[in-house]
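It should be emphasised that the depicted structure is a prediction, and the values quoted were computed from it without experimental measurement. When a residue number appears, it is its place in the shown sequence, counting from 1. Just follow the structure's listing: the first ligand is 1, and inside any ligand the first atom is 1.
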Amino acid sequence: MKHLTSIRELSKASAIALLDNAQQLSQVNDRDVKKLPALRGKTVVNLFFENSTRTRISFEIAAKRLSADVINFSAESSSVSKGETLKDTAQTLEALGADAIVIRHPLSGAPKNLAANNWISASVINAGDGSHEHPTQALLDALTMRQVIGSTTDLSGLKVLIVGDILHSRVARSNLLLLNLLGAEVEIAGPNSLIPEGIEELGATISNSFENSLAKKPNAVMMLRVQKERMQGEYFTSHQEYSRHWALDSERLSMLGADSMILHPGPMNRGFEISSEAADDPRSKVLQQVSNGVAVRMAVLYGCLSGGQS
Ligand code: CP
């Protein structure tokens, strides 16, 4: 693959190959010398127009572990603040030697535009675009689920419940696409105001009750952050009202099976969509997700820059 702007670009076989490569590459993180020469001589630019902790740092670590040079670009301190366009910015970065541009942008479709319009010949990797997609997040979530259930192939039959602000969530969209590709059964739950029309077409049943969904004994419960920064109006009456119906609190935690896993892409709003008790519960795989972010991004960078199949 040359680019990764959407999970739609992956077949089931190529998604599994990426997860297999990530699983293998994760072993590098346990070595004393955490380095492979695979991308020596390549330059990766992290072009972030929105804030990030996990994604930006894990792409940087991933590129460095593969011996690539890494440049971190922050839109705020760049000539973007003087009005330079995305096309001119990307072409400038390529003229400076970028082989891959990892882009996070508030506009849905910005990475696709960059890749499809042939403005640049560098690889384009989507690190989250608006409410559209976050493909490497879905891949690291799938890797975590595979590890927890001990699968080395797909996620056939796994019951996954995604809860919360689906409307603004690029994580939910990429997960819906990937989980369906890998054979999981997905239910989404949240207030009506935060369930986008037609989302079931991506392959999910919709629930209006967290308790009813928990009674079906999901294997994984993925809590989503309430994205207040993307909300123009009132989507629920109050923080307390939202938490009363949709937070993973101690009562709902007690309904979870002993072997269920709790996932959250981060950053977590503790006390809003998830209690500290749930976030720190032994069934919470939040930090395993973060660690898997490095391995998945190593596999994606290698796949895009090595000219191979996956
Ligand atoms: N999950 C995620 O995208 O986190 P960051 O915003 O910190 O990158």
Below 4.0 angstrom from a heavy atom of Gly266, which ligand 1 atoms are there? Numbered from 1 as shown, please.
1 (N), 2 (C), 4 (O)
Of the protein's non-hydrogen atoms, which lies at the shortest distance from atom 4 (O) of ligand 1, and what is that distance?
Arg54 NE, 3.1 Å
Taking the ring centre of each residue, are Phe272 and His239 less than 6.0 Å apart?
yes
Hey, does Gly128 sit under 4.0 Å from ligand 1 if you only count heavy atoms?
no
So which of Thr136, Val290, Thr53, Thr55 gets nearest to atom 7 (O) of ligand 1, if we judge by its closest heavy atom?
Thr53
Would you check the N or O atoms of Pro267, main chain and side chain alike, for any that come under 3.5 Å of an N or O of ligand 1?
no
In this structure, does ligand 1 have an atom that sits under 4.0 Å from one of the heavy atoms of Glu50?
no
Any Lys/Arg nitrogen of Lys2 or Glu9 sitting under 4.0 Å from an Asp/Glu carboxylate oxygen of the other?
no
Taking atom 6 (O) of ligand 1 as the reference point, the nearest protein heavy atom with its distance
Arg104 NH1, 2.9 Å
Go through the structure and list residues passing side-chain contact (heavy atoms from CB on, under 4.5 Å) with Lys216, not counting sequence neighbours.
Glu187
Pick out which of Leu263, Leu256, Val221 makes a side-chain contact (heavy atoms from CB on, under 4.5 Å) with Arg283.
Leu256
So for atom CG, which belongs to Asp259, do other residues, nucleotides or ligands contribute more than 12 heavy atoms lying within a distance under 6.0 Å?
no
Identify every side-chain donor-acceptor pair in residues 101-109 under 3.5 Å, counting partners at least two apart or on other chains, and give the distances.
from, atom 1, to, atom 2, distance (Å)
Arg104, NE, Ala127, O, 2.9
Arg104, NH1, Asn51, O, 3.0
Arg104, NH2, Thr55, OG1, 3.1
Arg104, NH2, Ala127, O, 3.2
Arg104, NH2, His134, NE2, 3.2
His105, ND1, Leu107, N, 3.1
Ser108, OG, Ser131, N, 3.4

Considering non-hydrogen atoms of the protein only, which is the closest contact for atom 1 (N) of ligand 1, and what is the distance?
Pro265 O, 2.9 Å
